[in-house]
Amino acid sequence: MDIALVGVGKIALDQHVPAIAASPDWHLAATCSRAGTVPGVPAYTDLDRLLSEHPEIRVVSLCLPPVPRFAYAERAIAAGRHVMLEKPPGATLSECHRLLEMARANGVSLYATWHSQHADMIPAARDWLSDKTVRALHINWREDVRKWHPGQDWCFEPGGMGVFDPGINALSIMTRILPRPVHLTRATLHTPENRQTPITADLTFTDKVTAFFNWDHQGPEFWDITVDTDAGQLTLHEGGARMVIDGETQGSAAGLTGEYPRLYNEMASLVTAGGIDMDLAPLRHVADAFMLGERRTAAPFHW
Ligand code: NAP
């Protein structure tokens with residue numbers, strides 16, 4: 001299937017372009033970006049022009065930051081195209097619900113991707129936990145924004161989500177593996193005095209679920225989730241790439257490897273089946289944190 005990539009920046013070049021190139025299902029037929037291009041691929045700066053000149057492109061993958069993404073998604077769906085959304089699927093829940101209504105009304109597929117849900121050990125963790133009683137879960141998610149989002153000021157602008165940009169990856173794993181849903185009861189958000197979005201967040205959910213997100217962390221990253229159950233302790237390390245149960249590392253997943261190849265594989269199945277997959281649970285927790293969170297001011301942040 002022909003596909004167009006919109007928003008050719010860091011994640012498009014790091015992950016989407018290689019995943020599409022390696023897939024038997026997809027052909028990158030065009031890009032749309034104000035400046036970014038992919039060598040050898042027809043490049044547009046205007047999405048409407050791309051869509052009208054290429055009726056054969058039925059699928060559009062949107063890799064822009066969340067705030068500008070909605071307008072592109074709306075236009076692609078209105079033009080009858082199937083749409084794949086980078087995470088988070090929108091800057092607000094209302095936007096996401098609007099896109100869902102539009103996709104249903106236009107009979108197109110819509111896929112809110114959560115790449116971390118496709119890390120190697122997530123299905124095995126979900127299976128293992130499915131018949132256990134969870135006693136506590138803790139998320140420890142620390143990375144350096146300067147390394148992973150160098151110079152990307154949008155992260156610190158309204159709608160950019162700050163530390164929830166990486167933190168929502170952990171929440172997408174949590175919502176995927178927990179056998180029963182939880183909801184937020186308390187949050188503390190630290191926002192640099194010269195920015196609009198938090199750089200650290202402390203979250204407390206029901207059922208003894210807690211999370212700590214830090215985006216100003218120096219040194220090696222921590223992307224860990226530890227779950228205490230009635231039958232032992234499960235820990236996911238490296239964002240779900242490695243799983244340890246009671247001190248023993250578990251075997252790795254078979255089949256298609258890589259989070260983004262799995263996302264494109266899912267999208268191919270959705271389009272073929274005419275399906276919609278709009279999982280909004282991780283974004284709901286972030287919205288709750290912004291509604292319920294206690295605000296504290298942190299030291300100014302500079303790149
Ligand atoms: P980015 O490089 O800053 O942005 C992607 C591209 O979007 C930019 O290169 C820009 O291309 C276009 N863009 C930016 N602002 C725009 C605006 N206001 N209007 C129109 N186009 C605009 O960001 P990214 O790191 O790729 O992240 C994009 C999305 O992917 C985010 O939602 C992020 O959470 C997600 N993601 C990122 C990573 C990562 O490691 N960075 C990992 C997983 C998921 P032009 O200037 O050419 O238009």
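Quantities reported herein were computed from a predicted structural model and do not represent experimental measurements. Numbering of residues begins at 1 and proceeds along the displayed sequence. Whatever order the structure lists ligands and atoms in, that order sets their numbers, starting from 1.
Aromatic pair Y264/H16: centroids less than 6.0 angstrom apart. Between W154 and F156, the ring centre distance reaches or exceeds 6.0 Å.
Protein residues having at least one heavy atom under 4.0 Å from any atom of ligand 1 are G7, V8, G9, K10, I11, S33, R34, A35, G36, C63, L64, P65, P66, P68, R69, Y72, E86, K87, P88, H115, W148, H149, Q152, W154, D165, Y260, listed by chain and number.
With sequence neighbours excluded, the residues that form a side-chain hydrogen bond (donor to acceptor under 3.5 Å, both in side chains) with R296 are E294. Legend: residues meeting salt bridge (Lys or Arg N to Asp or Glu O under 4.0 Å) with D48, ordered by chain and number and at least two apart, are R75.
Residue pairs meeting the ring-ring contact (aromatic ring centres under 6.0 Å, His included) criterion with at least one member in residues 39-77, sequence neighbours excluded: Y44-H54.
Screening D279, L263, V271 for a side chain to side chain contact (heavy atoms under 4.5 Å, CB included) with Y111, the sole residue that qualifies is L263.
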